[in-house]
Number of protein chains: 2
Amino acid sequence: MSSEPAPPGFELPLRLLLAFRTIIDELHERIAHEGHPDLRPMHGFVFQAIGPQGTTAVELGRRLGVSKQAAGKTVENLEQLGYVERGSDPADARRKVVRLTDRGVDCLVRSARIFDELRAEWSEALGEEQLRRIEDGLRRLAPGDPFRLDTPRWFGAP
Amino acid sequence: MSSEPAPPGFELPLRLLLAFRTIIDELHERIAHEGHPDLRPMHGFVFQAIGPQGTTAVELGRRLGVSKQAAGKTVENLEQLGYVERGSDPADARRKVVRLTDRGVDCLVRSARIFDELRAEWSEALGEEQLRRIEDGLRRLAPGDPFRLDTPRWFGAP
DNA sequence: CACGATAGACAACCTCATTGACCATATAGA
DNA sequence: TCTATATGGTCAATGAGGTTGTCTATCGTG
């Protein structure tokens, strides 16, 4: 039993969101200084969802939890920015495989490294044990595949 | 020192977001069953930002981190849904004070209670001590006023 | 070979934010 | 007191990003 009164329940979700944003904003800022200034927060997740092997717009939409059209538009944007390229699949003429370009891979590698650096900084600030407790707790309370990217829709949907 | 290898750095932000969504979705579902089915996730935060005393559109926009026009539109929507009402300020003819209606207050009270219930459930699942450690950690790592609601903009902005 | 399922593209629309311009009012300074 | 500036609110235009609906091309199976 703790002697202090429990904080109001609404603080926890706000802190969760704020912590998420803090990490993402920091990532965004650092990667902008490493040659990717036109990258947007969600793009990193899209790169992770595309993966090194490439995928298709439909499959990408499924992974991200959005429609295939929305995924297609995102791919189009990333193609214009030079992060992905589209090729045809010789085994299936319908599929157009989306692959990361060298620039896209560079970005993926850098973002993975920066995420690790950020985690290391948090570990230093909190202690590794404490940070693991947080991660374990979140894993228990919010299990499942965290790779759904439909947050914008979820946030604004009717 | 932990013997297990540290998880990849990108897991933590994803878990933070997923946990946030888990709480908000659950709140949304419960409050829909208590007579507020047309409420949207962000509205609860808007009510918190309006507060029992009322505020203005400009001030609301500042608190939420969005433009005054966006805040005004949100107020307009909530007014149509019957959650807020706009009155004039006798001391300043420019201001139009936004206040929660009875229905809005009901919603605010219920959402506060449900947030507390959800926190209690998490406390039971994790142990109060553990939950407090998470809250303390998040407070230290993501300090400041958590009441910025510009996530949609942040998520999609150029 | 025909039929259903799948991949992709195009169009129309919605929601929610933005910026810019404009008017009304309050406040401070000459 | 009168004027200049700041502030609150509204309207209009725009843009990003998502959705549904429809259409065509291709694959796989009975």
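Reminder, nothing fancy here: chain letters follow the sequence lines and each chain counts from 1.
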Report task. Using the test side chain to side chain contact (heavy atoms under 4.5 Å, CB included), find all partners of Glu26(A) that sit at least two apart in sequence or belong to another chain. Result ->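 Partners of Glu26(A) by the side chain to side chain contact (heavy atoms under 4.5 Å, CB included) criterion, ordered by chain and then number, come out as Arg30(A), Leu118(A).
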Query raised in the report: For Lys73(A) and Arg86(A), take the nucleotide of DNA chain C holding the closest heavy atom to each; which residue's nucleotide lies nearer the 5' end?
Result: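 Between the two, 5'-proximity favours Arg86(A).
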**Report entry** Student check: side-chain heavy atoms of Leu14(A) and Phe115(B) closer than 4.5 Å
**Finding:**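 The answer is no, as the side chains (C-beta and beyond) never meet within the 4.5 Å cut-off.
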Query raised in the report: So which nucleotide from dG18(D), dG9(D), dG8(C) ends up closest to the side chain of Val58(A)?
Result: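 That would be dG8(C).
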Report task. Between dA7(C), dG9(D), dT18(C), spot the one nearest the side chain of Ala70(B), thanks. Result ->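 Given the options dA7(C), dG9(D), dT18(C), the side chain of Ala70(B) is closest to dT18(C).
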Report task. Under the side chain to side chain donor-acceptor pair (under 3.5 Å) rule, collect the residues that match up with Asp116(A), sequence neighbours excluded. Result ->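 Asp116(A) satisfies side chain to side chain donor-acceptor pair (under 3.5 Å) with no residue once adjacent residues are dropped.
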Take atom [atom1] of [X] and atom [atom2] of [N], then tell me their distance rounded to the nearest Å.
X: Asn77(B); N: dT10(D); atom1: CG; atom2: P; value: 13 Å
X: Glu59(B); N: dG9(D); atom1: CD; atom2: C1'; value: 15 Å
X: Arg95(B); N: dA26(C); atom1: CZ; atom2: P; value: 11 Å
X: Asp89(B); N: dT27(C); atom1: CG; atom2: P; value: 10 Å
X: Glu76(B); N: dG8(D); atom1: CD; atom2: C1'; value: 16 Å
X: Lys68(B); N: dA17(C); atom1: NZ; atom2: P; value: 16 Å
X: Arg63(B); N: dG8(D); atom1: CZ; atom2: P; value: 13 Å

**Report entry** Phosphate-side-chain proximity, Ser88(B) and dG9(D), N/O vs OP1/OP2 below 4.0 Å
**Finding:**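 Checking dG9(D) against Ser88(B), no side-chain N or O comes under 4.0 Å of OP1 or OP2.
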Query raised in the report: When you check the phosphate oxygens OP1 and OP2 of dA7(C), does a side-chain N or O of Arg62(A) lie under 4.0 Å from one of them?
Result: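 Answer yes for this pair, as a side-chain N or O of Arg62(A) is under 4.0 Å from OP1 or OP2.
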Report task. May I ask you to say what Gln69(B) touches in the nucleic acid, namely base, sugar-phosphate or nothing, with a heavy-atom cut-off under 4.0 Å? Result ->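 Base, at least one base atom sits under 4.0 Å.
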Query raised in the report: Contact class for Ser67(A) vs. all strands (heavy atom < 4.0 Å): base, sugar-phosphate, or nothing?
Result: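 Base: the residue Ser67(A), judged by heavy atoms under 4.0 Å, touches a nucleobase.
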Tell me which donor-acceptor pairs under 3.5 Å the side chains of residues 90-97 of chain A have, and how far apart each pair is, sequence neighbours excluded?
{"residue": "Asp92(A)", "atom": "OD1", "partner": "Arg94(A)", "partner atom": "N", "Å": "3.0"}
{"residue": "Asp92(A)", "atom": "OD1", "partner": "Arg94(A)", "partner atom": "NE", "Å": "3.2"}
{"residue": "Asp92(A)", "atom": "OD2", "partner": "Arg94(A)", "partner atom": "NH2", "Å": "3.0"}
{"residue": "Arg95(A)", "atom": "NE", "partner": "Asp89(A)", "partner atom": "OD2", "Å": "3.0"}

Report task. For the pair Arg140(A) (side chain) and Ala125(B) (backbone), establish whether a donor and an acceptor sit closer than 3.5 Å, ignoring hydrogens and angles. Result ->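 Yes; judged by distance alone, with no hydrogens or angles, the pair exists.
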Requested in this report: If a pair satisfies side chain to side chain donor-acceptor pair (under 3.5 Å) and one of its residues is in residues 71-82 of chain B, list it, with sequence neighbours excluded.
Outcome: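 Pairs touching residues 71-82 of chain B that pass the test: Glu79(B)-Arg86(B).
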Query raised in the report: Hey, is the side chain of Lys96(B) pairing donor to acceptor with the base of dG8(D) inside 3.5 Å?
Result: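 Such a pair does not exist between side chain and base.
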Query - Residue pairs passing the ring pair (Phe, Tyr, Trp, His ring centres under 6.0 Å) test where at least one lies in residues 80-111 of chain A, sequence neighbours excluded - result: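 Ring pair (Phe, Tyr, Trp, His ring centres under 6.0 Å) check on residues 80-111 of chain A returns His36(A)-Tyr83(A), Phe47(A)-Tyr83(A).
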Pull out every protein N or O sitting under 3.5 Å from an N or O of nucleotides 24-30 of chain D, one pair per line with the distance.
{"residue": "dT26(D)", "atom": "O2", "partner": "Arg94(A)", "partner atom": "NH1", "Å": "3.3"}
{"residue": "dC27(D)", "atom": "OP1", "partner": "Ala93(A)", "partner atom": "N", "Å": "3.0"}

